[in-house]
Structures are given as C-alpha cells and as structure tokens.
Amino acid sequence: GKQLPKKDMGMMAMSYGYIYVAQVAFGAKDSQTVKAFIEAESYPGPSLIIAYSHCIAHGYGLEEALDHQKLAVESGFWPLFRYDPRRREQGKPPLVLDSRDPKRPFSDYAMREARFRMLFKTNPENAEELLDAAQADIEEHWKKLKALAQVTNL
C-alpha cells in the first residue's frame, strides 16, 4: 500500500558517474548476469551489482522463482542494465539497457505475489489506484532509462 515509487539504488549509484552499476536477474537472462559480473570484476573502481532476489515471503512457490524473475523483467518492474563508465572513453553511452521495453503489465507480475494480492483484501478501495500508480511509475522509469542510454557524457 505504499504510495511512493520504490527507491532506485541503481540510479543513485549511476549519478556519481564513476561507479560500475548493473541490475541483473539470472532467471530472466543468465548471460547478462554473467557479463555484468565479469565487467564489474574487471572495473578498476567501485562496482555495484543489484540482483533480483526471490523470497518465500513474497508468497509464491520457489519452484516458480526463475519464471517469476523473467516476469519481473518483462513487466518492466526489474529492468536489466549495465552502467560502465569506461564506455565513455569509446564515445558510447555508459548505460546499456539489456532488457526490452516492458511487454507485460505490472499487474501480471504483482498479482502472483501475496504481498500485492493482500492489498486487494486489506485496502480494496485503494488497491486498483495503487496498481495503476505503480504501472505509471514503471513507464516513467523506463523513459528515464532509455533517455540515459542515449547520453554519452553521463
């Protein structure tokens, strides 16, 4: 029932301009996860990898965990990216988006988790509104990420 967008640790770290930052979900794209770890290890400065971590407390069977990670990425809730400041030296934008534009609504992801479904039981009058606000936040975040992926001096 939180009414604010989630914190974006990746964006915060990227704002420094000299930290390698990646967001990964091995269930969605294991090759991107491996690439991020290799790049982070080779980076001659601080590196941060933010990994999607499923949890039994989210209220779905962990046998579905990898598919759930994929759904988080497909809905745009968990975008995959790598921010490597070294790319600037090559005249390239430091941010690389490794996932495609969202192709599933956030509700497809959210309604599989008890923490989101519970909102419809405890606060039904606001639940739909909050779900719509979360979708709008995801769309706005994607616009920002896509714009940053075009900028070379970030």
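Quantities reported herein were computed from a predicted structural model and do not represent experimental measurements. Each residue takes its place number in the sequence, starting with 1.
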**Q.** Parallel, tilted or perpendicular: rings of His68 and Tyr60 (30°, 60°)
**A.** tilted
**OP:** Report yes or no: does Arg87 contribute a side-chain atom to a donor-acceptor pair with the main-chain N or O of Pro93 at less than 3.5 Å?
**Re:**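 Confirmed, Arg87 side chain pairs with Pro93 backbone.
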Subject >> side-chain contact (heavy atoms from CB on, under 4.5 Å) between Phe120 and Leu131, intermediate numbers included >> reply: CA-CA 10 Å; Phe120 282 86; Leu131 200 59; 4.0 Å; yes
So how far is it from [X] [atom1] to [Y] [atom2], rounded to the nearest 0.5 Å?
{"X": "Arg115", "Y": "Met118", "atom1": "CZ", "atom2": "CE", "result": "13.0 Å"}
{"X": "Leu80", "Y": "Thr33", "atom1": "CG", "atom2": "OG1", "result": "7.0 Å"}
{"X": "Phe106", "Y": "Asp132", "atom1": "CZ", "atom2": "CG", "result": "11.0 Å"}
{"X": "Lys35", "Y": "Arg82", "atom1": "NZ", "atom2": "CZ", "result": "4.5 Å"}

Within a radius of less than 6.0 Å around CD of Glu41, do more than 12 heavy atoms belonging to other residues, nucleotides or ligands occur?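 No, CD of Glu41 has 12 or fewer neighbouring heavy atoms, counting only those of other groups under 6.0 Å.
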Just distance, no hydrogens or angles: give the donor-acceptor pairs under 3.5 Å from side chains in residues 70-78, sequence neighbours left out.
unit_1, atom_1, unit_2, atom_2, d
Glu74, OE1, Arg104, NH1, 3.3
Ser75, OG, Leu71, O, 3.2
Ser75, OG, Ala72, O, 3.0
Ser75, OG, Phe77, N, 3.4
Trp78, NE1, Val24, O, 2.9

Exercise: identify the closest heavy-atom pair between Ala40 and Ser47 =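 Minimum heavy-atom contact is O-OG, 3.0 Å.
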| message | Could you report the tightest heavy-atom contact between Ala147 and Val151, atom names first, then the distance? | response |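 Between these two residues, the closest heavy atoms are O-CG2, 3.4 Å.
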Are [X] and [Y] close enough that some pair of their side-chain heavy atoms sits under 4.5 Å apart?
{"X": "Leu119", "Y": "Leu130", "value": "yes"}
{"X": "Phe116", "Y": "Tyr109", "value": "yes"}
{"X": "Ile49", "Y": "Phe37", "value": "yes"}
{"X": "Gln32", "Y": "Phe81", "value": "no"}

Any chain of hydrophobic side-chain contacts (each under 4.5 Å) joining [X] to [Y]?
{"X": "Met14", "Y": "Met12", "result": "yes"}
{"X": "Tyr52", "Y": "Phe26", "result": "no"}
{"X": "Ile50", "Y": "Leu95", "result": "yes"}
{"X": "Ile138", "Y": "Met9", "result": "yes"}

Problem set entry | Ion pair Asp84/Arg86, N-O distance below 4.0 Å | yes
Atom pairs and distances, donor-acceptor, side-chain atoms in residues 16-23, under 3.5 Å, two or more places apart:
unit_1, atom_1, unit_2, atom_2, d
Tyr20, OH, Ala36, O, 3.4
Tyr20, OH, Glu39, OE1, 2.7
Gln23, NE2, Pro79, O, 2.8

Here the side-chain hydrogen bond (donor to acceptor under 3.5 Å, both in side chains) pairs for residues 139-150, sequence neighbours left out, are Asp8-His141, Asp101-Lys146, Gln135-Glu139
- prompt: Does the pair Lys29 and Asp98 meet the rule for a salt bridge (Lys or Arg N to Asp or Glu O under 4.0 Å), with working shown?
  reply: CA-CA 9 Å; Lys29 198 170 189 181; Asp98 293 314; 5.3 Å; no
